[in-house]
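What follows is a short report on a single structure.
Chain identifiers are assigned alphabetically (A, B, ...) following the order of the sequence lines, protein sequences preceding nucleic acid strands; residue numbering begins at 1 within each chain. Values below: every heavy atom of this structure, side chains too, minus hydrogens, waters and symmetry copies.
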Protein chains: 2
Amino acid sequence: MSQPSSPAPTPAPAEVPLAHRVPDLGALQLLLAVARLGSLGRAARELGITQPAASSRVRAMERQLGVALVDRSPRGSRLTGAGALVTDWAGRIVEAAEAFDAGAQALRDRRDSRLRVAASMTIAEYLLPGWLIALRTQRPDTAVSLLAGNSAAVAARLLAGEADLGFVEGLTVPAGLDDVVIAHDRLVVVTSPGHPWARRGKPLAAAELAATPLILREEGSGTRQVLDTALGGLARPLIELSSTTAVKASAVSGAGPAVLSELAVGEELAARRLVEIPLKDVRLRRALRAVWPTGHRPSGPGRDLLGLTR
Amino acid sequence: MSQPSSPAPTPAPAEVPLAHRVPDLGALQLLLAVARLGSLGRAARELGITQPAASSRVRAMERQLGVALVDRSPRGSRLTGAGALVTDWAGRIVEAAEAFDAGAQALRDRRDSRLRVAASMTIAEYLLPGWLIALRTQRPDTAVSLLAGNSAAVAARLLAGEADLGFVEGLTVPAGLDDVVIAHDRLVVVTSPGHPWARRGKPLAAAELAATPLILREEGSGTRQVLDTALGGLARPLIELSSTTAVKASAVSGAGPAVLSELAVGEELAARRLVEIPLKDVRLRRALRAVWPTGHRPSGPGRDLLGLTR
DNA sequence: CTGACTCATAAAGCCAGCTTATGTCCTCAT
DNA sequence: ATGAGGACATAAGCTGGCTTTATGAGTCAG
């Protein structure tokens with residue numbers, strides 16, 4: 001609050017860290033299990049903890065959120081109205097955590113992997129984790145290893161026989177590889193709604209974009225290369241950050257215009273936390289491709305994974 | 001492990017719970033801060049912990065994931081390649097947690113709220129949290145309270161002066177309210193890829209859908225009403241569950257066909273964890289509307305929120 | 001009225017993460 | 001060259017949260 005010396009009506013927003021206002025993963029999963037099974041005890045058993053632990057954990061969660069989540073009865077437990085809502089929001093967190101886990105598991109360098117994938121950043125960030133989860137439901141035994149790098153690195157791995165299937169996002173396909181286009185991606189210029197660009201009526205010219213310092217991923221990233229090519233020169237960095245999420249956070253906080261894949265900013269655009277700035281004379285579109293050594297179309301688990309990408 | 005007596009090659013997938021394989025929110029936020037600030041110490045300061053705590057936490061995370069995440073140097077710390085990937089996956093979790101927090105904060109019944117919103121489930125679940133985050137960046141002082149219910153409940157609150165702005169998803173607008181359409185929503189029939197329906201070539205007839213037991217939200221939900229109306233009778237429940245997420249989980253695990261909002265299943269369809277079954281002679285489309293008492297178009301914070309919805 | 005199910009409570013133990021207090025290494029400026 | 005400052009690592013001690021075990025109490029069916 002901005003009043004000088006009065007007891008703050010809202011007790012200081014970000015004073016308490018997010019991690020203390022949001023229940024931990026275990027608690028959220030427990031809530032989901034209760035919603036699905038209709039009983040604290042059954043949910044506890046599914047998660048491998050005891051019933052009192054589940055009971056106290058749900059109670060702690062209700063205290064933390066200040067909302068009753070489940071209606072307990074001697075015949076079981078059902079979600080309250082607010083509980084159903086909270087459970088669905090919780091589901092989004094758990095889904096993101098499952099994607100994280102699937103990705104992290106593949107990152108661990110496992111020599112016994114049945115399927116070795118090499119992928120560029122955009123694909124590894126936004127598409128691959130979901131595929132890995134799907135693949136696991138189809139073929140639970142398939143251990144997948146993931147290596148992320150630019151197009152050249154992906155091609156080198158494939159040609160050296162160190163990867164079975166690759167995904168690239170470049171404008172061209174490296175020599176010696178067969179490919180199939182699986183999706184398209186577009187880079188977008190975004191600012192916070194407060195930025196001057198957000199209110200200008202006219203589309204932005206490439207020259208103007210090239211002349212303005214931007215929030216960007218570090219040199220060498222795929223995004224950066226596409227941008228440099230399209231602008232016919234090097235984009236000027238205002239800040240260089242080492243992850244897409246960090247770039248987004250800076251843009252949302254109003255630090256300046258950023259250039260990102262549209263896959264990265266869907267939510268933010270929908271909620272108007274970021275605004276897309278239309279461009280006049282550039283198209284920052286690129287194909288996302290699956291690739292493999294010429295003539296060696298993947299079989300086995302690689303074929304299955306390819307099938308998930310269309 | 002289902003093999004009788006042989007050492008499991010993969011050390012039992014879900015043996016260790018998800019919560020122990022994914023770092024907690026605090027650790028993930030710390031990683032994001034390191035990515036943004038370029039130093040463990042600065043990141044620690046931002047989160048209000050000491051430098052050794054940050055150091056040990058990142059180290060613990062690297063041990064847990066089995067991957068090096070940051071390159072430490074006497075001049076600061078930068079993410080490794082794998083670290084950038086992990087950081088972005090972490091960002092998705094943190095975003096979901098922020099949405100959860102924004103929603104949960106609004107659910108807490110606060111009488112001093114400057115803006116009282118009443119919304120139907122689909123909107124409260126998928127759209128509102130993002131808007132609340134955006135609203136908070138625009139107007140940090142605005143305390144919002146949320147009440148979720150069906151169209152009739154929303155209308156009642158508005159007409160009783162107990163809510164300032166409503167959102168409904170019905171086919172009709174309750175009497176006494178002005179409205180504006182903010183989006184559209186479509187119910188889709190989905191199954192796991194293994195289900196027989198996933199392989200049939202032809203679209204499904206409404207009669208066939210009506211004759212098949214389905215995984216559904218409980219009676220009284222908006223989804224359920226739309227479905228019953230479209231089928232010209234009551235849909236048969238195979239299982240009734242009290243949250244959308246629980247319905248999704250059941251469908252993914254192959255328990256049967258489910259009917260859900262397309263907003264709920266975007267990720268699952270993209271990764272082919274669920275397959276949409278086309279319908280022949282029904283359209284399960286409905287408008288999402290903002291509503292307010294006739295003649296009393298919201299002003300102040302309500303107007304701002306309305307602006308976020310287009 | 002007994003057995004099977006639910007959830008709640010109480011007491012005791014363990015583990016994770018924090019802080020404080022150092023130490024080491026590098027870099028830059030004087 | 002040398003000292004200051006920043007950045008990360010290590011060690012020791014404390015605290016708090018979550019668990020388990022062991023109960024109690026309410027509801028329903030046979």
* Asked: Which of residues 32-55 of chain A sit near DNA chain C, with a heavy atom under 4.0 Å from it?
  -> A/Ser39, A/Leu40, A/Gly41, A/Arg42, A/Arg45, A/Gln51, A/Pro52, A/Ser55
Under 4.0 Å between a side-chain nitrogen and a carboxylate oxygen: does that hold for [X] and [Y]?
| X | Y | result |
| --- | --- | --- |
| A/Arg136 | A/Asp141 | no |
| B/Glu267 | A/Arg92 | no |
| B/Glu240 | A/Arg36 | no |
| B/Arg21 | A/Asp101 | yes |
| A/Lys248 | B/Glu95 | yes |
| A/Arg224 | A/Glu218 | no |

What's the [atom1]-[atom2] distance between [X] and [N], to the nearest Å?
| X | N | atom1 | atom2 | value |
| --- | --- | --- | --- | --- |
| A/His20 | D/dT15 | NE2 | C1' | 13 Å |
| B/Glu62 | D/dC8 | CD | C1' | 12 Å |
| A/Arg63 | D/dC18 | CZ | C1' | 12 Å |

* **Phosphate OP1/OP2 of D/dC28: any A/Arg75 side-chain N/O under 4.0 Å** => yes
* Straight-line distance of A/Leu147 CG to A/Leu107 CG, nearest 0.5 Å -> 8.5 Å
* Earliest and latest nucleotide of DNA chain C, 5' to 3', sitting under 4.0 Å from a non-hydrogen atom of chain A? -> C/dT6 to C/dT9
* Side chain of B/Trp89, backbone of A/Glu125: donor and acceptor closer than 3.5 Å? -> yes
* To do: May I ask you to say what B/Ser56 touches in the nucleic acid, namely base, sugar-phosphate or nothing, with a heavy-atom cut-off under 4.0 Å?
  => nothing
